[in-house]
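These notes are about the structure you will find just below.
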Number of protein chains: 2
Amino acid sequence: METRELRYFVAVAEELHFGRAAQRLGIAQPPLSRAIRQLERRLGVTLLERTSRSVLLTEAGSVLLAEGRAALDAVEAAERRARRAALAATGRPGLVLVTKAGASGELLPKLLDAYAAEPGAVPVDVLLCGIGEQERLLRDGRADVALLHRPFDSANGFDTEELCTEGQVAVLPAWHPLAGRAHLCTADVAALPGLPMPRWPHRDGTYPPGPGPQVRDHTQLLQLIALGRASAILPESCRPQLGRDLAAVPVLDAPTVTTVIAWPPHSRSQALAGLVRAATRI
Amino acid sequence: METRELRYFVAVAEELHFGRAAQRLGIAQPPLSRAIRQLERRLGVTLLERTSRSVLLTEAGSVLLAEGRAALDAVEAAERRARRAALAATGRPGLVLVTKAGASGELLPKLLDAYAAEPGAVPVDVLLCGIGEQERLLRDGRADVALLHRPFDSANGFDTEELCTEGQVAVLPAWHPLAGRAHLCTADVAALPGLPMPRWPHRDGTYPPGPGPQVRDHTQLLQLIALGRASAILPESCRPQLGRDLAAVPVLDAPTVTTVIAWPPHSRSQALAGLVRAATRI
DNA sequence: GGGCGGCGATACCCTCCGGGTATCGATTCC
DNA sequence: GGAATCGATACCCGGAGGGTATCGCCGCCC
């Protein structure tokens, strides 16, 4: 199977529409139809159930969609990492570390300092990204290493090392009656009238249905909480970022959050090994 | 990058010889040279250092070799799993479980029985393979799930669930003076005169240098030990397989061995989930 | 040291595959 | 029932990919 075929299939499977998929790929619709037919014939498998009005994925099709995305990421990663290896060999080497904007407040500067103090340390570019993008960046080679927060981020398919674990706190407006309590449980926070939990976007940019406000980053979220429009349960380490208008109350039965440093398997980079070593020593 | 280009590059990088690589790929040498040149031009990276007498990998080249192999495995896995999903939807579904021949003696039948007793269980094909082949089979889609033994096998890049941990024992000829001891430490076994540790083959079939005999599977190994030509340190669970002519003595400071069940990430198979559930319940 | 042999690069040709345009056939909706 | 939508089909063209012949370079051996 050629990556071109796979790219074509993924486009059609995502759009469920040959015309739009062709447009996205920058080709005309007929060659796309033909390519998909050819792919199906070669695999000996029906991937799409087409009528003249609709396109549906078969079981095999949805497996190929999931696996194909991963495979395309792997190919892209190979390409990117080869390019970067060439750069590192001649010009300026470096690492790209990715983490969620707003998360791992204290840990990140400590890690960077600890690594920078090592002999042979290379420059580290920090990439702050939105929710759920880190895995993608790590998988397709745009980043070398990530700080992930289990159980929110899945570290599936990566090598990891645990760095620290912490409890979670409910973040409430300072004026809220519950803000003075010594601790809460998740049921208390979930049921707060007028302060629903926010909704985070999926990877494709759409939001799950529900009552809460749609948020895209931590700044938005904290502002909404201060305005009395939302509440949230966040890792303890967010505390230093909270203004005077917000209160944090430990939530005893919330799952603990583990910060892990994650990197793609079969990585033989000296610099990456050093960074991981520095991280585990903190 | 197309998979064809990647396959071509991997072939050349493995053979370090354009002629042989072309032969292996079933094409003539000139188009292969051209394809590699084109790939280098598109990437903007020198992958191979060629003289008319030798071909060497550059740093970028060896990165692309490692990453490219993984990417090709991923593409192959996508293809295979799509095919199998189609089979499972229409004809006979099934799972392929792979484990090292000779290992996980008691565990495997217990697991298969426990799973078979579940409602909705599908047939499980068991694939016994040699050392270090399991990761490959799992990665390229020929197997759905594996039993791995850490720290011998690396579970890098897979989702895993720990099943059990055990100590290790030294396996010696029954007549050996140390066979009667209650326990040993690794230094004792490493230094046994005339009973060197065996050498296992690498993935490419070559053996590391050293004094011990070359072995390929457990049967060979046990026979060599019985003959007084070797000794070995193996997980405790090998005990039931030992004949009367062999003795097992606990090695206190050997690393403990953890048996894990591993499967590729983003697996959405109902059957696989059931098998993992059965495994964790044991 | 000069001829030989091995190996990668180059030159040139040809075939077929991937892409484009025009059009058909089916289905749905007004 | 006609128009609009959408995937499939028919047909054409250009270029990418593969083959053969040959060159140029460099160790090696008699």
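Quick note on labels: first sequence line is chain A, next is B, and so on, each numbered from 1.
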Taking the basic N atoms (NZ, or NE/NH1/NH2) and the acidic carboxylate oxygens, is any pair closer than 4.0 Å for E14(B) and R69(B)? yes
Could you check how far CZ of R4(B) sits from P of dG18(C), rounded to whole Å? 10 Å
Readout for nucleotides 6-11 of chain D: B = base within 4.0 Å of protein heavy atom, S = sugar-phosphate only, - = neither; 5' to 3' it is SBBB-B
N-O pairing of R277(B) and E118(B) below 4.0 Å: yes
Take the protein atom CD of Q23(B) and the nucleotide atom C1' of dG8(C), then report the distance between them rounded to whole Å. 16 Å
So, applying salt bridge (Lys or Arg N to Asp or Glu O under 4.0 Å) with E67(A), which one of R83(B), R84(B), R81(B) is it? R81(B)
Among residues 7-15 of chain A, which contact DNA chain C at a heavy-atom distance under 4.0 Å? Y8(A)
Can you tell me if R268(B) and S62(A) form a side-chain donor-acceptor pair at under 3.5 Å? yes
Checking side-chain polar atoms at under 3.5 Å, does S33(A) have a donor or acceptor matched by the opposite partner on Q29(A)? yes
If the threshold is 4.0 Å, N to carboxylate O, is there a salt bridge linking E5(A) and R42(A)? yes
With a non-hydrogen cut-off below 4.0 angstrom, is Q38(B) in contact with a base, only sugar-phosphate, or nothing? sugar-phosphate
I27(A) CD1 to dG20(C) P, straight-line distance once rounded to whole Å: 6 Å
Measure CG/L39(B) against C1'/dA16(D) and give the value in whole Å, please. 15 Å
Could you state the atom-to-atom distance from CG of L48(B) to C1' of dA9(C) in whole Å? 14 Å
L25(B) atom CG is separated from dG17(D) atom P, nearest whole Å, by 15 Å
Heavy atoms of S154(B) and L148(B) approach each other most closely as O-CD1, 4.1 Å
Could you check whether R4(A) makes a cation-pi contact with Y8(A), meaning its NZ or CZ is under 6.0 Å from the centre of the six-membered ring and within 45° of the ring axis? yes
Nearest whole angstrom, please: distance from the P of dA16(D) to the CZ of R41(B). 10 Å
Is it true that E135(B) and R150(B) make a salt bridge, defined as a side-chain N closer than 4.0 Å to a carboxylate O? no
